[in-house]
Structures are given as structure tokens and as C-alpha cells.
Amino acid sequence: MTKFGELIDAEKPVLIDFYTDWNDVENTVLTLRDVAAALGDKAKVIKIDIQKNELLASALRVKGNPTFMIYKNGEMKWRQTGFQDANTLIGIMQDFV
């Protein structure tokens with residue numbers, strides 16, 4: 001949890017994908033690579049395995065897979081459960097860059 005606090009307490013927006021390996025809908029790895037490539041060093045893009053981080057997922061009330069969140073300066077700015085395509089995520093992230 002402490003590392004998570006450090007991770008989200010950044011001036012750059014942080015896009016987090018909470019996922020599970022057994023149900024990685026539409027393979028978000030490729031989607032997130034496209035988002036990271038488009039945003040470059042203006043933002044961070046991170047995947048967090050729900051099963052390996054159950055306490056964190058529970059604390060954030062992550063119920064669905066995938067669940068995307070955007071944090072900036074330690075504050076959640078956006079949250080959505082369900083698959084999102086790269087262009088949608090890039091557009092949303094650009095609002096926070």
C-alpha cells in the first residue's frame with residue numbers, strides 16, 4: 001500500500017489497469033502498450049494483478065476486470081470498469097496531461 005501511495009502521488013497522470021491473468025479481457029497488454037507509446041514520458045501506464053494485490057484491490061473496491069483508474073497528484077481523477085480501447089484511453093489521459 002505504501003508503494004501504491006508513492007506511485008500515484010505524481011504530477012504526471014498515472015493510468016492503472018487492475019486485471020487478472022485468468023480473465024485478461026481483450027488482452028489489455030497490447031492496448032496499454034499503445035497508450036504508453038502515444039503518451040511517452042507525459043504519463044505512466046501500469047498493470048496491477050488483482051490476485052497478487054488483493055488488499056489493494058479490496059481497499060479500492062475493484063470488483064470487475066479490467067478496472068482502469070487515473071490518478072494525478074494522489075487523487076483519483078477517473079475510473080471505469082470494462083474493456084477500453086487504446087484511442088479512448090489516450091483521449092481520456094490527454095485531459096490530465
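Note that these values count all heavy atoms, side chains included, but never hydrogens, waters or copies made by symmetry.
Note on residues 34-45: no pairs pass side-chain hydrogen bond (donor to acceptor under 3.5 Å, both in side chains), not counting sequence neighbours. Screening residues 49-58 for salt bridge (charged side-chain N to carboxylate O under 4.0 Å, His left out) gives no qualifying pairs among residues at least two apart or on separate chains. For residues 35-59, no pair satisfies ring pair (Phe, Tyr, Trp, His ring centres under 6.0 Å), with sequence neighbours left out. Sorted by first and then second residue, the salt bridge (charged side-chain N to carboxylate O under 4.0 Å, His left out) pairs with a member in residues 60-85 read Glu75-Lys77; sequence neighbours excluded.
Note: Ile8 CD1 to Met76 CE = 8.0 Å, rounded to the nearest 0.5 Å. One distance of note links CD1 of Ile48 with CD of Gln51; it measures 14.0 Å at 0.5 Å rounding. How far CG of Asn73 is from NZ of Lys12: 12.5 Å, rounded to the nearest 0.5 Å. Here Leu32 contributes atom CG and Leu15 contributes atom CG; the two are 6.0 Å apart, rounded to the nearest 0.5 Å.
Annotation: ring-ring contact (aromatic ring centres under 6.0 Å, His included) contacts of Phe68 (sequence neighbours excluded): none. Applying the side-chain contact (heavy atoms from CB on, under 4.5 Å) rule to Gln94 yields the partners Leu39, Ile90; only residues at least two apart in sequence or on another chain are considered. Evaluation of the salt bridge (charged side-chain N to carboxylate O under 4.0 Å, His left out) rule for Glu11 yields no partner, not counting sequence neighbours. Ile92 pairs by the side-chain contact (heavy atoms from CB on, under 4.5 Å) definition with Ile70, Trp78, Thr88, Phe96, not counting sequence neighbours.
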Evaluate the ring pair (Phe, Tyr, Trp, His ring centres under 6.0 Å) criterion for residues Tyr71 and Phe4: first the C-alpha distance (whole Å), next the side-chain angles of each, then the deciding distance (0.1 Å), finally the verdict. CA-CA 11 Å; Tyr71 281 86; Phe4 183 75; 5.6 Å; yes

Could you walk me through whether Thr67 and Leu60 satisfy the side-chain contact (heavy atoms from CB on, under 4.5 Å) test, starting with their C-alpha distance in whole Å, then the side-chain angles of each, then the deciding distance to 0.1 Å, before giving a yes or no? CA-CA 10 Å; Thr67 294; Leu60 295 173; over 6 Å; no

Walk me through whether Phe18 and Leu56 qualify under side-chain contact (heavy atoms from CB on, under 4.5 Å). CA-CA 10 Å; Phe18 285 91; Leu56 177 61; 4.1 Å; yes

For Asp17 and Ile46, run side-chain contact (heavy atoms from CB on, under 4.5 Å): C-alpha distance rounded to whole Å, both residues' side-chain angles, the deciding distance at 0.1 Å, then the answer. CA-CA 6 Å; Asp17 169 20; Ile46 297 163; over 6 Å; no

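A 4.5 Å side-chain heavy-atom check between Lys47 and Ile16 finds every atom pair outside the cut-off. Residues Val97 and Pro13 are in side-chain contact: their nearest non-hydrogen atoms beyond the backbone lie under 4.5 Å apart.
Scanning both residues, Thr31 and Ala86, for their nearest heavy atoms gives CG2-N, 3.5 Å.
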